[in-house]
Amino acid sequence: MRGFLTLVLALATVLVPLSVVSGLPGSFLPLERAIPLSQRVELEALRARDRARHARILQGVVGGVVDFSVEGASDPYSVGLYFTKVKLGSPPREFNVQIDTGSDILWVNCNTCGNCPQSSGLGIELNFYDTAISSTAALISCSDPVCLAAAQGAATECSPQINRCSYTFQYGDGSGTSGYYVSDAMNFDMILGQSMLANSSATIVFGCSISQSGDLTKTDKAVDGIFGFGPGALSVISQLSSRSITPKVFSHCLKGEGNGGGILVLGEILEPSIVYTPLVPSQPHYNLNLQSISVNGQLLPVDPAVFATSNNRGTIIDSGTTLAYLVQEAYDPFVNAITTIVSQSASPIISKGNQCYRVPFSVGDVFPQVSLNFAGGASMLLKPEQYLMHSGFVDGAAMWCIGFQKVQAGLIILGDLVLKDKIFVYDLAHQRIGWANYDCSLAVNVSVTTSKDEYINAGQLHVSCSQVDILTKLLPLSIMILFMHIIVIIESHFW
């Protein structure tokens, strides 16, 4: 009997893991060595083989994290925008596109564009999208449901003669673009586990621009297009998350100092100090409930109704805006409070119509902290560099100007001036936005989804092992320990 139980225990050591891997209890799979024992293989070759295998295994994971490189800076006197690269078509071609949370559509310059810039002062080579050289490209017709959906959020029209779904967009700075919708492959590296990258692609709908106006025609800050991250149905984040390819959340951390750059992920950045405020529902932009503004801990004397969301009023987050904009009812008390506090150390001056200050010391030693207070008790703390702009020198001292711009009426817009040097999480699954001050040159923790609306910690940006991976590894061991425990009980019963 003892010998029989020993044999059963030995078999259990082999069979339990096989049952777990196959997913069918009691089933057996013939196994062969992929690399014979007599054949010597270099360690790096084995690692490469494992990486390829792990990528195949993890293809079934719902919602990996997609990491985009970020270039550009918030300084309006140099770059004044942040941009990233997208790979479109088959074979994939690379396009530099501005990161814009204030609009929905991804569009790139078409090869048929007559007035698109041909060169860029940003030191990047401009590319033009051509449906003829992509084997996966297709035009969106007038009868396509995508065209009908697009018509609800933009000036979309169709010409019966060419049966092509066309669009026209106008941006807040007066620039505009027109073109037509296409569908094609978007290629990206998806982070699925600990240092595991899988080459992935998904068919998305985006715009092919054939005409531009305003600042979009200028070469000094020209890029290949705009990457809209808005909440609309045709934004890339909405297209991918609706098919569970990526999570219904994206995050960015825009570096303000030095050469700029930063981090952009289709996924959730995890940071303990992040505070969240709910999104205002049923809005075309990322509207937040700003309730008050504090300067040096003192509330400004502003009627809260000034901040309320209504027709063309309210507060939005917009990474496509370089500066920040305050309505006059809030702007005047804001500037008055700043000037009163710093008047003993900095000399107020007017430069080109802007309120500026001659600052002989570090601005951090002179200027107060500002707090934007939102619904849910979430405050956004602004350092002086996040509401001031360095505008040169006067009589040997630095001149700093108020970076917030005054508008008579309309939206309060929080652009890159405010967004830089902070983690921002756009949690669309839970209809909230979170932020935390952060050094965006550092690595960040990100998450991988287990479902469309649930997230688990997956470690730093290169992604460490997820909880699901750990549980999967521990499950066979746990079953075998239980099996051994049962054997011991049976054996003691017989002996």
Side-chain angles (χ1 to χ4, degrees), residues 68-86 95-103 106-109 116-117 119-126 169-177 212-230 252-264 285-286 316-326 351-356 363 382-393 398-407 411-422 424 440-441:
F68 290 93
S69 62
V70 176
E71 298 180 56
S74 63
D75 185 357
Y77 299 108
S78 58
V79 181
L81 58 87
Y82 291 90
F83 59 96
T84 187
K85 299 179 187 295
V86 293
F95 300 89
N96 291 289
V97 285
Q98 182 180 358
I99 301 165
D100 182 19
T101 61
S103 64
L106 165 65
W107 62 264
V108 293
N109 295 328
C116 290
S119 62
S120 173
L122 299 178
I124 58 175
E125 180 181 352
L126 298 182
F169 301 135
Q170 292 294 323
Y171 296 97
D173 62 357
S175 62
T177 178
Q212 295 176 7
S213 62
D215 285 349
L216 289 175
T217 63
K218 298 179 180 178
T219 60
D220 56 339
K221 298 179 181 179
V223 288
D224 294 321
I226 291 180
F227 197 166
F229 276 87
H252 60 65
C253 193
L254 307 177
K255 189 171 180 291
E257 300 301 321
N259 295 325
I263 296 166
L264 170 66
H285 302 288
Y286 293 119
I316 68 169
I317 301 288
D318 181 15
S319 67
T321 294
T322 303
L323 302 175
Y325 295 81
L326 271 180
S351 175
K352 299 179 181 178
N354 297 320
Q355 180 62 64
C356 302
V363 291
L382 307 183
K383 300 177 293 185
E385 294 86 354
Q386 292 171 322
Y387 63 83
L388 297 172
M389 297 184 300
H390 184 225
S391 303
F393 295 87
M399 182 171 70
W400 290 80
C401 299
I402 296 290
F404 282 76
Q405 305 299 295
K406 179 166 62 174
V407 291
L411 292 169
I412 295 173
I413 304 175
L414 305 181
D416 295 337
L417 176 72
V418 172
L419 305 185
K420 67 182 181 181
D421 300 320
K422 285 180 171 60
F424 270 84
C440 297
S441 63

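Scope of the values below: all heavy atoms of this structure, side chains included, with no hydrogens, waters or symmetry mates.
Under the 30°/60° scheme for interplanar angles, the aromatic rings of Phe229 and Phe227 are found to be tilted.
From Trp107, atom CH2 reaches atom OG1 of Thr177 across 4.5 Å, with rounding to the nearest 0.5 Å. Here the CZ atom belonging to Phe95 is positioned 11.0 Å from the CG atom belonging to Leu126, to the nearest 0.5 angstrom. One finds the CE atom of Met399 at 9.0 Å from the CG atom of Asn354 (value rounded to the nearest 0.5 Å). The distance from the CG atom of Asn96 to the CD atom of Glu71 is 6.5 Å, given to the nearest 0.5 Å. Annotation: the span from Ile413 atom CD1 to Ile317 atom CD1 amounts to 11.0 Å, rounded to 0.5 Å. Asp100 CG to Thr321 OG1: the interatomic distance, rounded to the nearest 0.5 Å, is 7.0 Å.
Closest heavy-atom contact between Ala222 and Ser120: O-OG, 2.6 Å. Here the closest non-hydrogen pair linking Ser319 and Ile99 is OG-O, 3.0 Å. Closest of all the heavy-atom pairs between Asp416 and Leu81 is OD2-CA, 4.2 Å. Counting all heavy atoms, side chain and backbone alike, Ala324 lies closest to Leu414 at CB-CA, 4.4 Å. Glu257 and Lys255 get closest at one heavy-atom pair: O-NZ, 2.9 Å. Among all heavy-atom pairs drawn from Ala73 and Gly260, the shortest one is CB-CA, 4.1 Å.
Between Glu385 and Leu388 the shortest side-chain heavy-atom distance does not fall below 4.5 Å. Inter-residue side-chain proximity for Asp421 and Gln386 is flagged as met; some heavy-atom pair is nearer than 4.5 Å. Counting only heavy atoms from C-beta outward, the side chains of His252 and Phe68 never approach each other to under 4.5 Å. Looking at heavy atoms from C-beta onward, Ile124 lies in side-chain contact with Phe83 at the 4.5 angstrom threshold. Proximity of Met389 to Leu323: side-chain heavy atoms (C-beta onward) are separated by under 4.5 Å at one or more points.
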Trace of the side-chain contact (heavy atoms from CB on, under 4.5 Å) decision for Tyr325 with Leu411
CA-CA 8 Å; Tyr325 295 81; Leu411 292 169; over 6 Å; no
Residue pair Tyr387, Leu326: steps toward the side-chain contact (heavy atoms from CB on, under 4.5 Å) verdict
CA-CA 11 Å; Tyr387 63 83; Leu326 271 180; over 6 Å; no
Might you work through the side-chain contact (heavy atoms from CB on, under 4.5 Å) test for Gln212 and Asn109, ending with a clear yes or no?
CA-CA 9 Å; Gln212 295 176 7; Asn109 295 328; 2.4 Å; yes
List the steps, then state whether side-chain contact (heavy atoms from CB on, under 4.5 Å) holds for Ile226 with Tyr171.
CA-CA 11 Å; Ile226 291 180; Tyr171 296 97; 3.8 Å; yes
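Using modelled atom types, no side-chain atom of Ser103 and backbone atom of Gly228 make a donor-acceptor pair closer than 3.5 Å. Although no hydrogens or angles enter the test, the distance criterion places a donor-acceptor pair under 3.5 Å between the side chain of Ser213 and the main chain of Gly176. A donor-acceptor contact shorter than 3.5 Å links the side chain of Thr84 to the backbone of Ser69.
Listed by first then second residue, pairs satisfying salt bridge (Lys or Arg N to Asp or Glu O under 4.0 Å) with a partner in residues 216-226 read Asp215-Lys218, not counting sequence neighbours.
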